[in-house]
Amino acid sequence: MRRAVAWLTILVVALAGLGFYFGMPVKNGDKTQPRIMNHLKLGLDLKGGVYQVLEGVESDLGPVTPEAIQQAKAVIENRINKLGVSEPVVQIDGKNRIVVQLADVKDTEQAKAIIGKTAALSFVGPDGKIVLDGKDIEKAGVGQQGNQFVVTLKLKGEGPKKFEEATTKFVQQRITIKLDEDIISAPVVNQPIVGDSAIIEGNFDAKGAQNLADLINGGALPIKLEVKESRVVSATLGSDSLARSAIAGLIGMAFVLVFMVVLYRLPGLMADLALVIYAVLTIAFLIAINSVMTLPGLAGLLLSIGMAVDGNVLINERIKEELKAGKGLRSSIDAGFHRAVWTVVDSQVTTLIAGVILWYFGTGPVKGFALTLSVGTILSMFTSITVTRWLINLLADTGRFGKSLFGVKEVSKA
């Protein structure tokens with residue numbers, strides 16, 4: 001009995017300590033917020049930032065096709081990720097548009113600089129004609145010749161033939177490398193380049209060569225894109241919504257905790273403790289996988305908290321039925337869990353299936369909602385079936401608790 005009480009005491013103290021530590025308000029810039037917010041990554045709707053819509057347009061690079069839009073999306077994601085923007089959202093909208101959301105970016109000009117020049121990459125000869133474009137470049141990298149860093153190019157398709165003709169024609173002249181109208185390099189052609197490999201020489205250090213290679217790789221868009229919409233999203237609405245959601249979550253959780261204790265007494269208290277464990281595990285898991293919290297994701301989290309006690313309600317009702325039938329305490333607990341466990345699993349699995357489908361077919365905020373809902377569903381099954389059972393058995397083994405503490409009146413024998 002003493003060991004059981006000791007384990008329970010350690011668990012309660014540990015959870016209380018974690019709750020106090022992460023719930024304690026701390027200063028973050030000009031705002032005071034719970035410490036947990038410093039560990040969660042917030043999306044555009046909660047943190048503010050920039051929203052842009054890029055549209056594919058017909059050009060010399062080729063037609064706008066679904067495949068080209070998909071390739072352009074991958075290029076933009078690659079360029080943004082290389083520049084270190086926190087958790088960007090890049091998704092296809094319709095047949096020819098790409099939506100880019102950058103959290104914590106303050107203005108549209110800064111967003112354009114971060115996204116980079118999303119128009120075409122081109123190699124232009126001194127006569128002003130395009131020698132190569134993005135679709136001719138397979139990959140750019142960094143190499144060394146002696147003590148000098150160089151940028152290596154791997155050409156594909158018609159690229160080697162076109163580049164050989166151009167470098168033969170423009171020996172000792174400059175071929176300009178452009179992203180849209182901005183010149184990113186202008187190397188001199190020292191000799192004709194034959195084959196599918198080439199190098200760009202210059203006074204590069206390692207970082208400079210890598211930056212140029214990244215720009216070439218990132219700029220190799222298969223189509224031309226134009227910015228059709230660019231606006232700032234205020235974080236004010238998100239901050240208000242976050243605060244209100246947190247208050248709603250705390251109030252809802254408090255009602256659930258009280259309801260479980262009033263209705264089920266001791267098992268209800270153990271279910272409440274399991275619910276706290278569930279909340280800690282869920283938030284810890286979302287932090288561990290670097291999940292981005294959005295308003296829909298927050299809604300999914302709050303919804304899963306309410307659903308987390310569903311299994312405990314079913315199990316506790318089964319236990320009460322067994323106790324009313326006259327069975328002993330321990331046998332009623334075992335029978336209650338045994339009879340209810342598959343009902344709990346079935347109900348949660350249906351929710352999990354819906355969450356997985358939403359995550360697979362959804363985009364952006366829908367995926368955030370589906371992720372938190374699915375994670376919450378899986379962890380709620382674990383806490384309902386495993387943690388709650390362990391806690392109830394821990395107390396039942398002490399022999400100090402009767403049926404009255406399980407919500408069933410003791411029947412006095414004549």
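What you see below is based on every heavy atom in this structure, not just the backbone, and it leaves out hydrogens, waters and symmetry mates. Throughout, numbering of the chain's residues begins at 1 and tracks the sequence.
With T388 contributing its side chain and A271 its backbone, the two residues share no donor-acceptor pair below 3.5 Å. The backbone N or O of L371 lies less than 3.5 Å from no partner atom in the side chain of S374, so there is not a single donor-acceptor pair. Formation of a donor-acceptor pair under 3.5 Å by the S332 side chain with backbone atoms of I319 is not found in this model. Side chain of T383 to main chain of S380: a donor-acceptor pair is present (N/O by atom type, distance under 3.5 Å, no hydrogens or angles).
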Evaluation steps, side chain to side chain contact (heavy atoms under 4.5 Å, CB included), between V57 and L225: CA-CA 6 Å; V57 296; L225 295 174; over 6 Å; no
Given salt bridge (charged side-chain N to carboxylate O under 4.0 Å, His left out), test E164 with K161 step by step and report yes or no. CA-CA 5 Å; E164 180 182 351; K161 180 180 178 181; over 6 Å; no
Could you check R339 against E321 for side chain to side chain contact (heavy atoms under 4.5 Å, CB included), going step by step and ending with a plain yes or no? CA-CA 11 Å; R339 292 179 60 190; E321 288 176 5; 4.1 Å; yes
Show your working on side chain to side chain contact (heavy atoms under 4.5 Å, CB included) between F123 and T176 and close with a plain yes or no. CA-CA 6 Å; F123 287 59; T176 303; over 6 Å; no
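Side-chain contact between L153 and I200 is present, with heavy atoms from C-beta onward closer than 4.5 Å. Contact check for L155 versus L132: side-chain heavy atoms found under the 4.5 Å cut-off. Contact of the P187 side chain with the R174 side chain is not registered, since no non-hydrogen atoms from C-beta on lie closer than 4.5 Å. Here the side chains of I277 and L275 are not in contact, with every heavy-atom distance at 4.5 Å or above. Taking the side chain as every heavy atom from C-beta outward, D196 and K154 approach each other to under 4.5 Å. For the pair I69 and K95, the minimum side-chain heavy-atom distance is 4.5 Å or more. Under the 4.5 Å side-chain criterion, counting only non-hydrogen atoms from C-beta, L373 is in contact with T351. Contact of the F337 side chain with the I333 side chain is registered, since non-hydrogen atoms from C-beta on lie closer than 4.5 Å.
Around atom NZ of K156, more than 12 heavy atoms belonging to other residues, nucleotides or ligands sit under 6.0 Å away. Summarising the local packing, CD of E229 is surrounded by more than 12 heavy atoms from other residues, nucleotides or ligands at distances under 6.0 Å. In the displayed structure, F170 atom CZ is contacted under 6.0 Å by more than 12 heavy atoms of other residues, nucleotides or ligands.
Using a cut-off of 4.0 Å between Lys/Arg side-chain N and Asp/Glu carboxylate O, K162 and E165 are scored as not salt-bridged. We find that D334 and R389 are joined by a salt bridge, their nearest charged nitrogen and carboxylate oxygen being less than 4.0 Å apart.
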